[in-house]
Amino acid sequence: MTTPTTRAGFDPVGTLEGGLAAALAAALEVDAESVAALLGPPRRPEMGDVAIACHRLARGSDASPPEIAQRLAGVAGQQASVGAAEATGPFLNLRWEPAALAVTVLDALVESRAHPAGLVGGDEGAGTTWVIDFSSPNAARTLGFHHLRGTAVGAALARLYEARGHQIVRLNHLGDYGHNIALLLHKLDTTGAAGTGAGGAISPQRLQALYVEANEDEASHPDEVGRASAAWLERLDAGDPTALERWELIVDATTASLDATYARLGIHFDEYRGESRYRESALEVSEKLVAAGVAEVDTDGGSVFVPPADGHQAIVLVTKRGASTYESRDAAAAIERHRDFDFDRCVYLTDIGQGGRFAAVFAALVRAGYDWAASCDHVGFGQMRLGGQKAKTREGRVVSLDEVVDEAIERAAAQVAERTDELADPASVAEAVGVGAVLFSQCRMRRPADFEFDLDDAVQFKGETGPRIQYAYARIASILAKAGTTLDAALTDGDPALLVHPAETRVLLAIGAVGPSARRAYEADDPSYLCDGLRGVADAWASYQNAGRDDTALRVLSEDQTLRRARLRLAAAAAVAVRDGLAVLGVSAPERM
RNA sequence: GCCCUCGUAGCUCAGGGGAUAGAGCACCGGUUUCCUAAACCGGGUGUCGGAGGUUCGAAUCCUCCCGAGGGCGCCA
C-alpha cells in the first residue's frame, strides 16, 4: 500500500483502487484487472469517491447486477481503505476512509519529491530520446499570433516529455526558403546598404519594416517584383555568394527577433534547422525513393512523385523545374534528425490540416526501407479563431505574438495595480500573470479541437484561467507565510490522519488526480488533461479556504496546533501540486499577486 | 469527387459504452470586523445536427444523410 511512486508516477488513488479491485476480484473469483477497469468516478460527487458498474460482472454469473453490487458492498466494507460502501441498484458507490486516503496521498506526495518533476513526473521515457519539432515560424517575419498555439503547446509537451523521463531535443523548423526570402533578397538589393546597419547586421525591427515594404512593392508591381524575386531565389539555389550572404543576414535577424519573443514566454530551442538546409539532400532523398521503387518520375514533366498508396495522399518530391518541395525537404529533415539524434520518436507539432501530408511522407520513407520513420508522429492541433475568423489575420493584418503578450501583461498590470497591496515587484507579477494567462489559454482546450480565442476571456482572471490557478497558489503561500513556515517544511510535518473533513477529502482527491492527469496528458500528447487536473486542485482548495471564512473551525490556522500542522501540510501539498503542474505549462507561480 | 477534424446550454468548451449529460462565461441573488472577494455559495437552462443499427445499456461504437472548417502530384 505504500508504493505509490511507480514507473507511471504519482497515483495514490490508483494504489487504493488497485487494492480494492484485488479484494473485489478475489471475492468474485475473477481477475483484478477486469475489476479495476470498471472502477471510475461516479456520475456525481455526492454519490461517492469511486464507483463500479456491476453489469459486466454479472455476465456468466447467476447473480444479477444489483445482487453483485450488494455482495461487493459487503466485501468492500471490510477493507480498511473503505469508509462507506453502498449498493445503489446495479452500482456500487463507495467512499475512501478519509484518514487512509489522506495518509496515502500525502505520503505518496512526499515520495514523489524524489523525482525532478515532482508529482507530475514519471519514468516511462527513461533511456529514450524524443525529438519535438514545434512553432515553425517563417523567416523575415516576427512570430505571429497564429503561431501561439503550436508554440505554447509544443513547449508544454517538451517539458512534459522531460518530466516523464525522455531525453528531449527541441527543434524549430524555420521557414527560411521560398517566397518570403526571395522577396527580401530583392528588397535588400534595391535598398542597398540602407538595408543594413553597423557591421552589416540587420536589426529585427529593420527587417520587419523591410518585409512590410517588400510586400507593398509586390502588391503595386506584382510582375516586376515577382520576376526579380524569382531570379534571386535561383541565385540562392545556385549558391551565389551574394545571395547566400544576404540570406544569412535575414536569417540572423529573424532568429534574433524570434529568440526575444520566445524568451518572454520562457521557451527555448536546442536548434533552428531551416528548410533551406535541405535544398540538396531533398533531391538525394528523392533519388533514393525512386531507386527503392517508392517514387516515380513523371513521364510528362519530369517531376518526381509518390503515387497514392495505402490510403495516403500522393506527394510531389521534385517539381518540373527540378526544385525540392515541402515534402522532400521534410523527408530529408527526418533522415538527418534520425542520423543526428538517433531518436526513438520524432514528434511534429503542427496544425491538424497537415496530418495527411506528414503521414504520406513518413509512410513513403518506411516503404523505402527507413523503418525508423514509423516512429515519426504528426501531432496536430486545431485552429484558433478570432471572432469566428481564422486567427491568421485580424482586420487584414497579421497580429504579432508580442502584441498579444503585451496586451495581456498590460491588463494584468492594471488588475495588480487595483489591489495596491504591498507587492514588492508589481511589474514582474504582472508579467507572470499575463504570460501565464496566455500560455494557459492555449493549453486548456483539447488539442485537436478548434477554438475561439478571446483575449478578454484569457486575461479575465476568473473562470478556467491560468491566473485563477496562480491565485490559489498565492493564497496558500500567504497562509504558509503567516504561519511562519515554509512549503518544504510543512510538507513533511503534521499528521495526515487528522484530515478527515469532507472539504479536506475533496482537496486530497484533487491532489491525487494530478498525477493521473499528467500521465494522461503525456499518453495523449495533450497538455489540456493536465490543465483539468490543476483546475481541480484550485477549485477544491478555493472552496475549502473559503469555507474557513464562514466556519472558523475549518481554518487552516487552527487554534489546535496539531490540527494546524496537519492542515498546513495539506496546504503545502496543494501548493506543490499546482506549482509542479503549472511549471510544465511554462506558467510561473508567484508567491503573492 | 475523395480524405481528415468536427456538430453537446445563449456563448466558450468537457464528457475513456453505464446512473438524473456536466463545467466556465454571461445573467440574478447572497457571503468581506475573516488564512488574499482575481474567490466562494445558491439560482436554470438541453430534439446531445437528423435517421437507422449494434448492445441489458449509446452523446460515446457502426452505416447513411444534413451542416461547418481543413486537406487532396508540381505554392510554401
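Just so it is clear: chains get the letters A, B, ... in the order the sequence lines come, proteins before strands, and each one is counted from 1. All values derive from a computational prediction rather than experimental measurement.
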Select base, sugar-phosphate, or nothing to describe what A:Y473 touches, counting heavy atoms under 4.0 Å on all strands. nothing

Would you tell me if any nitrogen or oxygen in the side chain of A:K462 comes within less than 4.0 Å of OP1 or OP2 on B:A26? yes

So, do A:Y326 and B:A76 meet the stacking rule of ring centres under 5.5 Å and planes under 30°? yes

Which stems does RNA chain B form, counting runs of 3 or more consecutive Watson-Crick or G-U wobble pairs with both distances under 3.5 Å? B:1-7 with B:66-72, B:10-13 with B:22-25, B:27-31 with B:39-43, B:49-53 with B:61-65

Has A:R321 got a side-chain N or O lying under 4.0 Å from the OP1 or OP2 atom of B:C75? yes

Is A:E504 salt-bridged to A:R567, cutoff N-O under 4.0 Å? yes

Are B:G18 and A:H55 stacked, with the base six-membered ring and the side-chain ring centres under 5.5 Å apart and planes under 30°? yes

Side chain A:D526, main chain A:S528, donor-acceptor under 3.5 Å: yes

Measure the shortest side-chain to side-chain distance between A:N172 and A:P137 over non-hydrogen atoms and say whether it is less than 4.5 angstrom. yes

B:A21 OP1/OP2 closer than 4.0 Å to side-chain N/O of A:R44: no

Please tell me if A:T325 has a side-chain N or O lying less than 4.0 Å from either OP1 or OP2 of B:A76. no

Considering only side-chain heavy atoms of A:R357, which listed nucleotide, B:U5, B:G18, B:A76, is closest? B:A76

Determine, for A:Y529 and A:R446, whether the Lys NZ or Arg CZ falls below 6.0 Å from the six-membered ring centre while staying within 45 degrees of the axis. yes

May I ask you to decide whether A:R411 forms a salt bridge with A:E407, counting only side-chain N to carboxylate O separations under 4.0 Å? yes

